[in-house]
Amino acid sequence: MIKDLTPKEFKDYLLDDEVILVDVREQWEFDICQIKGSILMPMGEITKSYLNLNKDSKIALYCHSGIRSIHVADFLLSKDFESVANLQGGIDAWAQEVDTTVERY
């Protein structure tokens with residue numbers, strides 16, 4: 001099951017040191033802004049890069065608006081990942097509701 005979290009819920013979820021924060025946007029988007037501590041795994045490469053993730057880990061995903069990351073979350077569930085969270089509204093919502101210093105685009 002995917003935990004589809006609001007920006008504030010997502011922020012609280014990230015307080016868990018075991019969570020791996022994954023940005024599924026493209027490199028150029030990551031270069032503009034990112035959530036501190038995230039690793040970049042673009043959606044277009046996820047069918048290979050997911051192999052670098054531990055299926056037992058807690059994975060938190062985000063993109064620009066929450067659409068790509070929810071698709072990646074579905075993909076990870078199909079590969080037997082059990083703990084997957086998605087940021088509703090993506091980094092754009094994060095920048096409006098949690099960290100206004102994050103650049104919007």
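Everything numeric here is computed off the predicted structure, so don't read it as measured data. Basis for what follows: all heavy atoms, side chains included, without hydrogens, waters or symmetry-related copies.
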Inset, instruction - Answer whether the closest heavy-atom distance between the side chains of Tyr50 and Lys79 falls below 4.5 Å. - result: yes
Inset, instruction - Could you tell me whether a side-chain N or O of Ser49 sits under 3.5 Å from a main-chain N or O of Glu45, the two making a donor and an acceptor? - result: yes
Legend entry - ILVMFWY cluster, Leu51 and Phe75 together (side-chain gap under 4.5 Å): yes
Inset, instruction - For residues Glu29 and Glu26, determine if any side-chain heavy atom of one lies less than 4.5 Å from a side-chain heavy atom of the other. - result: yes
Legend entry - hydrophobic_cluster_shared for Ile39 and Leu14, side chain cutoff 4.5 Å: no
Legend entry - Option from Pro7, Ser65, Cys63 for which side chain to side chain contact (heavy atoms under 4.5 Å, CB included) with Leu87 holds: Pro7
Legend entry - Gap separating the CG atom of Asn86 from the CD1 atom of Ile2, nearest 0.5 angstrom: 7.0 Å
Inset, instruction - Look up atom CD1 in Ile46 and atom CE in Met41, then write down how far apart they are to the nearest 0.5 Å. - result: 5.5 Å
Inset, instruction - Can you see which heavy atom on Thr100 is nearest to which on Gln96, and at what distance? - result: CG2-O, 4.2 Å
Legend entry - From CA spacing to verdict: side chain to side chain contact (heavy atoms under 4.5 Å, CB included), Arg25, Cys33: CA-CA 10 Å; Arg25 299 174 301 149; Cys33 63; 3.8 Å; yes
Inset, instruction - Taking the side chain as every heavy atom from C-beta outward, state whether Tyr62 and Arg68 have any atom pair closer than 4.5 Å. - result: no
Inset, instruction - Hey, could you give me the CG/CD distance between Leu5 and Gln88, rounded to the nearest 0.5 Å? - result: 7.0 Å
Legend entry - Verdict with supporting geometry, Lys58 and Asp16, side chain to side chain contact (heavy atoms under 4.5 Å, CB included): CA-CA 9 Å; Lys58 296 175 182 175; Asp16 183 337; 2.5 Å; yes
Legend entry - From OG1 (Thr101) to CD (Glu103), nearest 0.5 Å: 10.5 Å
Legend entry - Heavy atoms from other residues, nucleotides or ligands near NZ of Lys8 exceed 12 (cutoff 6.0 Å): no
Legend entry - Minimum side-chain heavy-atom gap Val102-Ile35 below 4.5 Å: no
Legend entry - Flag if over 12 foreign heavy atoms under 6.0 Å of CD, Glu18: no
Inset, instruction - State plainly whether one hydrophobic cluster holds both Phe30 and Val72, where clusters connect Ile, Leu, Val, Met, Phe, Trp and Tyr through side-chain heavy atoms under 4.5 angstrom apart. - result: no
Inset, instruction - Side-chain contact test, heavy atoms from C-beta onward, threshold under 4.5 Å: evaluate it for Asp4 versus Phe10 and give yes or no. - result: no
Legend entry - CD1 on Ile67 to CE on Met43, rounded to 0.5 Å: 10.5 Å
Inset, instruction - Return the set of residues passing ring-ring contact (aromatic ring centres under 6.0 Å, His included) with Phe81 (not counting sequence neighbours), or none when no residue passes. - result: none
Legend entry - Min side-chain heavy-atom separation Asp99-Lys11 under 4.5 Å: no
Legend entry - CZ on Arg104 to CH2 on Trp94, rounded to 0.5 Å: 15.0 Å
Legend entry - Considering all heavy atoms, the nearest Lys36-Leu21 contact: O-CD2, 3.8 Å
Inset, instruction - Please say whether more than 12 non-hydrogen atoms of neighbouring residues, nucleotides or ligands are located less than 6.0 Å from CD in Glu82. - result: no
Legend entry - Validation row: Leu76, Leu61 side chains within 4.5 angstrom (heavy atoms): yes
Inset, instruction - Using a 4.5 Å cut-off on heavy atoms from C-beta on, say whether the side chain of Val22 contacts that of Ile59. - result: yes
